[in-house]
2 protein chains.
Amino acid sequence: MTSMSSRAPLPFDPVEEARRHWAGHGWADAAEGMAAVTSLMRAQAIVLARVEAVLRPLGLTFARYEVLMLLLFSGRGSLPLSRIGERLQVHPASVTNAVDRLEATGLVERTPHPTDRRTTLAALTPAGRELATKATEALNAEVFARPGLPADDVRTLVDVLATMRRGAGDF
Amino acid sequence: MTSMSSRAPLPFDPVEEARRHWAGHGWADAAEGMAAVTSLMRAQAIVLARVEAVLRPLGLTFARYEVLMLLLFSGRGSLPLSRIGERLQVHPASVTNAVDRLEATGLVERTPHPTDRRTTLAALTPAGRELATKATEALNAEVFARPGLPADDVRTLVDVLATMRRGAGDF
DNA sequence: CTCAAATACTTGGATACCCAACTATTGAAG
DNA sequence: CTTCAATAGTTGGGTATCCAAGTATTTGAG
């Protein structure tokens with residue numbers, strides 16, 4: 001899932017380094033895309049590590065935090081597992097797993113769908129609602145409010161990634 | 001590790017949606033950072049899925065592909081496991097795991113370090129070298145050459161992410 | 001020189017995620 | 001209506017990643 005303890009910085013940008021190698025191997029036309037993909041992976045790992053470090057003391061992982069927030073923002077605090085998977089872009093089996101654990105710690109409850117007996121709803125418990133709020137306040141203070149980038153760059157990043165996601169059929 | 005089969009697009013941008021909720025809960029000051037983090041996670045998942053889909057038929061995962069490429073670009077095609085972990089930003093245990101599997105499929109060999117007996121080197125085999133090249137050509141053609149973004153945006157993305165990574169101590 | 005601290009790697013335990021396969025329901029075609 | 005395809009969830013199997021702890025070796029302090 002995450003983290004990385006906190007290694008020492010490299011003396012050079014590994015993405016730049018890889019780009020040079022790509023060019024040297026006659027792959028120059030793909031070098032820029034490779035750089036984008038590699039940057040994305042590394043940046044995601046770094047951010048995920050920061051997020052998980054904040055959530056760990058609260059007994060949460062990012063995956064479970066996302067489920068909690070989705071429920072918190074849903075009208076009645078409950079959703080079919082299938083909707084959760086769609087929204088979070090994860091496999092149904094991953095939802096089963098996350099809800100299992102949230103249920104085991106009393107943050108969520110499974111309840112039957114009123115009309116469709118195939119469907120199971122995940123419903124926030126009061127403890128789940130409270131923890132979701134507390135976790136968000138911690139994340140806001142320690143990560144989201146300090147993205148490690150100037151505000152302009154943050155907006156640019158969000159916009160470019162939105163373009164990419166739209167093109168990939170995320171929404 | 002990855003993928004997602006290929007769900008139907010959502011009828012709205014979930015990141016935008018979350019931003020509205022953040023504002024509505026009095027967390028407006030952290031909304032932009034939240035959007036950046038969430039976008040990054042989703043975009044990474046999408047790209048990783050594309051990459052893994054290309055590598056799967058070759059019997060590789062992205063983690064192992066990265067190890068192979070690192071070795072390919074190193075002078076003699078061999079590196080201490082510790083260097084691999086530093087470069088790829090992963091825990092030593094993850095390197096052990098990846099090298100175990102690469103070794104089991106004959107793509108890499110463990111050899112003792114000539115002077116430091118604590119250290120183990122991972123060395124590319126001819127098969128490993130060949131597969132690394134073939135996998136790169138597949139990735140170049142199917143992913144890196146079509147990042148799903150205009151060239152300008154790709155460059156912007158790489159630059160912004162480099163700024164973020166530098167600030168986070170990636171290099 | 002000796003011994004404690006640092007470094008390198010592995011192992012065991014845990015979480016997350018995917019896929020394939022399977023059960024249960026619902027829905028739609030005939 | 002009956003039947004078969006589609007939908008919802010779960011289970012079992014596999015990979016990746018992390019952390020904590022343990023072994024081996026090297027390095028540095030005194």
Side-chain angles (χ1 to χ4, degrees), chain A residues 1-8 41-42 44-46 48-53 55-57 59-67 79-86 88-105 110-122, chain B residues 1-8 41-42 44-46 48-53 55-57 59-67 79-86 88-105 110-122:
Chain A
M1 289 195 355
T2 298
S3 223
M4 174 61 338
S5 25
S6 68
R7 296 157 317 63
M41 300 291 188
R42 292 185 84 98
Q44 186 265 355
I46 289 167
L48 181 58
R50 287 185 62 191
V51 167
E52 298 263 12
L55 293 178
R56 195 184 331 283
L60 281 179
T61 63
F62 186 59
R64 292 179 230 167
Y65 169 74
E66 284 187 300
V67 173
L79 285 174
L81 301 205
S82 55
R83 317 271 303 112
I84 297 176
E86 285 164 20
L88 301 183
Q89 302 260 287
V90 295
H91 195 280
S94 300
V95 178
T96 295
N97 181 289
V99 171
D100 280 351
R101 294 172 192 281
L102 288 169
E103 197 169 29
T105 46
R110 275 186 173 85
T111 65
H113 187 286
T115 69
D116 187 339
R117 292 193 301 178
R118 292 171 300 183
T119 300
T120 300
L121 301 177
Chain B
M1 274 223 7
T2 298
S3 220
M4 175 64 330
S5 29
S6 68
R7 299 157 316 63
M41 301 291 189
R42 292 185 84 98
Q44 186 267 352
I46 290 168
L48 182 57
R50 288 185 61 192
V51 167
E52 298 262 13
L55 293 177
R56 195 184 332 284
L60 282 178
T61 62
F62 186 59
R64 292 180 230 167
Y65 169 74
E66 284 188 299
V67 172
L79 284 175
L81 301 205
S82 53
R83 314 267 299 111
I84 297 176
E86 286 165 17
L88 301 183
Q89 304 259 286
V90 295
H91 194 278
S94 300
V95 179
T96 294
N97 181 289
V99 171
D100 280 351
R101 294 171 192 281
L102 288 169
E103 198 170 26
T105 46
R110 276 186 172 85
T111 64
H113 188 287
T115 68
D116 187 339
R117 292 193 301 179
R118 291 172 300 185
T119 300
T120 299
L121 301 177

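Computed from heavy atoms alone, side chains included, the values below leave out hydrogens, waters and symmetry copies. Chain identifiers are assigned alphabetically (A, B, ...) following the order of the sequence lines, protein sequences preceding nucleic acid strands; residue numbering begins at 1 within each chain. Note that the coordinates shown come from a computational prediction; the quantities given were computed from them, not determined experimentally.
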Check your understanding: Taking OP1 and OP2 of D:dA16, is either one under 4.0 Å from a side-chain nitrogen or oxygen of B:R101?
Key -> yes

Check your understanding: Looking at B:S82, does any N or O in its side chain come under 4.0 Å of the phosphate oxygens OP1/OP2 on C:dC9?
Key -> yes

Practice item. Quick one: label B:R110 by what it contacts on the DNA or RNA (base, sugar-phosphate, nothing), any heavy atom closer than 4.0 Å. Key: sugar-phosphate

Review point. Which whole-number value in Å describes the distance from A:E66 CD to C:dT15 P?
Key: 18 Å

Point to revise | Atom-to-atom span, CD of B:E103 to C1' of C:dC9 - whole angstrom | key: 13 Å

Check your understanding: Between C:dC17 atom P and B:E52 atom CD, what is the distance in whole Å?
Key -> 14 Å

**Study point:** Any side-chain heavy-atom pair of B:L121 and B:R83 under 4.5 Å
**Key:** no

Review point. With respect to the phosphate group of D:dT17, does any side-chain polar atom (N or O) of B:H91 fall under 4.0 Å of OP1 or OP2?
Key: no

Practice item. Describe the nucleic acid contact of A:R83 in one word from base, sugar-phosphate, nothing, applying a heavy-atom distance below 4.0 Å. Key: nothing

Revision key, fill the gap. By nearest-nucleotide position on DNA chain D, the 5'-leaning member of A:R118 and A:V95 is A:R118

Point to revise | Closest contact, heavy atoms only, A:R42 versus B:L88 | key: NH1-CA, 4.3 Å

Practice item. Could you check how far CD of A:Q44 sits from P of D:dT17, rounded to whole Å? Key: 11 Å

**Study point:** Rounded distance in Å - CG (A:L48) to P (C:dA16)
**Key:** 11 Å

Check your understanding: B:L79 CG to C:dC9 P: how many Å, rounded?
Key -> 11 Å

Practice item. Please state whether the phosphate of C:dA24, meaning OP1 or OP2, lies under 4.0 angstrom from any side-chain nitrogen or oxygen of A:R117. Key: no

Practice item. Would you indicate, yes or no, if C:dA8 has its OP1 or OP2 atom less than 4.0 angstrom from a side-chain nitrogen or oxygen of B:T119? Key: no

Exercise for review: Grab the two heavy atoms, one from B:R110 and one from B:T96, that are nearest each other, plus how far apart they are.
Suggested key: NH2-O, 3.5 Å

Point to revise | A:P92 side-chain proximity, nearest of D:dC19, D:dT10, C:dC9 | key: D:dT10

Check your understanding: Which whole-number value in Å describes the distance from A:L121 CG to D:dG9 P?
Key -> 8 Å

Review point. Does A:T61 put a side-chain nitrogen or oxygen below 4.0 Å from OP1 or OP2 of C:dA16?
Key: yes

Check your understanding: Are any of B:T96's side-chain N or O atoms less than 4.0 Å away from OP1 or OP2 of C:dC9?
Key -> no

Check your understanding: Which value, rounded to the nearest 0.5 Å, describes the distance between B:T120 atom OG1 and B:R118 atom CZ?
Key -> 11.5 Å

Point to revise | Passing candidate, side chain to side chain contact (heavy atoms under 4.5 Å, CB included) with B:V90, options B:I84, B:V67, B:V95 | key: B:V95

Check your understanding: Checking all strands, does A:N97 fall into the base, sugar-phosphate, or nothing category for heavy-atom contacts under 4.0 angstrom?
Key -> sugar-phosphate

Check your understanding: Between A:L81 (CG) and D:dT11 (C1'), how many Å, whole number?
Key -> 15 Å

Check your understanding: Within less than 4.0 Å of OP1 or OP2 of C:dT15, is there a side-chain N or O belonging to A:R56?
Key -> no

Review point. What's the closest nucleotide to the A:A63 side chain, out of C:dC9, D:dT25, C:dC17?
Key: C:dC17

Revision key, fill the gap. Looking only at heavy atoms, the pair that brings A:L60 and A:E52 closest together is O-OE1, 4.4 Å

